[in-house]
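Input: a single structure, listed below in structure tokens.
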Number of protein chains: 2
Amino acid sequence: MDNPLVRKLQRFARLSAGDKQALNEAARLNVRRIGPREDIIREGESPDQVNLILSGWACRYKQLEDGRRQIIAFFLPGDLCDTHVFVMREMDHSIGTLSAVTVAEIGRDTLTAITEQHPRVTQALWWEMLVATAVQREWTVNIGQRTATERLGHLFCELFLRMRAVDLTDGTSCELPITQVDLADALGLSNVHVNRVLQELRANGLVTLRGRLLTIPDLPALKAASLFNPNYLHLDHIGRHLDANEE
Amino acid sequence: MDNPLVRKLQRFARLSAGDKQALNEAARLNVRRIGPREDIIREGESPDQVNLILSGWACRYKQLEDGRRQIIAFFLPGDLCDTHVFVMREMDHSIGTLSAVTVAEIGRDTLTAITEQHPRVTQALWWEMLVATAVQREWTVNIGQRTATERLGHLFCELFLRMRAVDLTDGTSCELPITQVDLADALGLSNVHVNRVLQELRANGLVTLRGRLLTIPDLPALKAASLFNPNYLHLDHIGRHLDANEE
DNA sequence: CGCTACGTTGAGTGGCATCAAGCGCGGTGG
DNA sequence: CCACCGCGCTTGATGCCACTCAACGTAGCG
């Protein structure tokens, strides 16, 4: 069984069996289980490996001196936490789990070896990284311009599509193993207001959320209500220059 | 005279004379002058070169269907606009000028040639790109968590330090060739409120802003008032692994 | 069976938006 | 040279969206 990173990447690059094998093996070497609400890496540290989420959700976050917390990004299965870690002196933010999580630690040398021997993987990892930064840009737009209702709906659309990209949706549903406080910290809203907006979305039949299961019965409707345009996820990519250059 | 990109990069990597020459020459090939408030690249396009700002300010922005505009990033002299352009199918946002601007277009082949022959430049460009994404993350925090006053002060701190990194400050002052509307669109505020917050900062002696000149008489004070921590700009970097690996 | 975490609800407040009008200045054309 | 115009800045009045504070319900868990 391919790990979720491979599942995601092969939607966008034509990975060979060898490519996939290399990635799968690298992700089996150092697997850790971590409980919910624990830090994986703290601001100021200088880790020497990247973390690949295999199951569960984590997040990037920053905390201001007075305690305010902003969640900067959600990490879903198949996401690489900190590709940049080999260049920067030290982390300018922290990474922590939201739910219980299993991560594969991939060392610097392992990753270098893979990219040197598998150019398609290199290309795919570039794509993965650039999509992550595109998501970051969209979050800026989301928090800066959209109303609370649009914001939450937009986030749900994004999370659902990202979960679908790693085959973790079931029809119109997917898991959402995080709290309303987490949603609030990601959206720059208070938890109280997230709760109210959530009820509004429910009342309008746009989402249902029971337990930790998110259901979007009518995705186009939610997209429309949230001014959601999926282009920033670049889901339609099959190696633009890759195909032109090779074969 | 080195171009502003070289000035910026050599603070963080030990560029050889040849490294600098290659970058300077590449930036002299196709120089364009563009007036204020024009688009350089529009959402949906697939350009085949990167744009290096030589003078003036530009921005990344997205516009929602109903007209709301979010400025996602400011481009100052020395900034590369769209490093990712070679991997993605098409732009998910637009790039436009704010003031009058001169840009150097650097073609895909030119850039590839440089990075293949100049590993230090490759490393430095990595750093440049990763700092840009770190800035993007900080903007998420800024808009999501900080009050309007902190937000504006924080932005001023960032812009001043970035201008200083390309030697474009004069003591405690630097140019700020943009309007209050631009600031508002970058911060997720209304222009009216930006105006009022600006007056507050002025009244507190934290900034003066006359014409297009920004002055920060007491940078530590403004930092403190804005909860500004410069670590995300990674200004203290001198090639972490670079130094370890070579020489 | 109490504890804790999460979700929900109400009341009151305030930060920031919106609308609207006026000001100052540089550019332009008569 | 001056009237005019447009853009950016400023100010006031008003209102709403979302925050804060506070309490209570509920479910999982030791």
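Naming: A, B, ... by sequence-line order, numbering from 1 per chain.
Contacts of Val192(B) with the nucleic acid, taken as non-hydrogen atoms under 4.0 Å apart, include base atoms. Among the heavy atoms of the strands, none lies under 4.0 Å from Arg210(B). Within the 4.0 angstrom heavy-atom criterion, only backbone atoms of the sugar-phosphate kind lie near Gly188(B); the bases stay farther away. Here Arg68(A) lies out of heavy-atom contact (under 4.0 Å) with every strand.
Computed from coordinates, the Leu98(B) CG to dG8(D) C1' distance equals 15 Å when rounded to whole Å. In this entry the distance linking CD of Gln180(A) with C1' of dT8(C) reads 8 Å, nearest Å.
Glu105(B) has a carboxylate O that lies under 4.0 Å from a charged side-chain N of Arg32(B), or vice versa, which qualifies the two as a salt bridge.
Picking from dT11(D), dG7(C), dA18(D) the nucleotide with the shortest atom distance to the side chain of Asn195(A) gives dG7(C). Minimum atom distance to the side chain of Arg196(A) is reached by dC19(D), of the listed dC9(D), dC19(C), dC19(D). Minimum atom distance to the side chain of Arg212(A) is reached by dG7(C), of the listed dA18(D), dG7(C), dC16(C). Proximity note for Thr179(A) (side chain, C-beta onward) versus dG10(C), dT8(C), dG7(C): the nearest is dG7(C). When the nucleotides dT11(D), dA18(D), dT18(C) are ranked by their closest atom to the side chain of Thr147(A), dA18(D) comes out on top. When distances run from any side-chain atom of His193(A) to the nucleotides dA18(D), dG8(D), dT20(D), the shortest one goes to dA18(D).
Ring planes of Trp139(B) and Phe74(B): perpendicular class, angle over 60° (limits at 30 and 60°).
Looking at Asp182(B) and Thr179(B), their side chains do bring a donor and an acceptor atom within 3.5 Å of each other. For Gln180(B) and Asn195(B), the side-chain atoms include at least one donor-acceptor pair closer than 3.5 Å.
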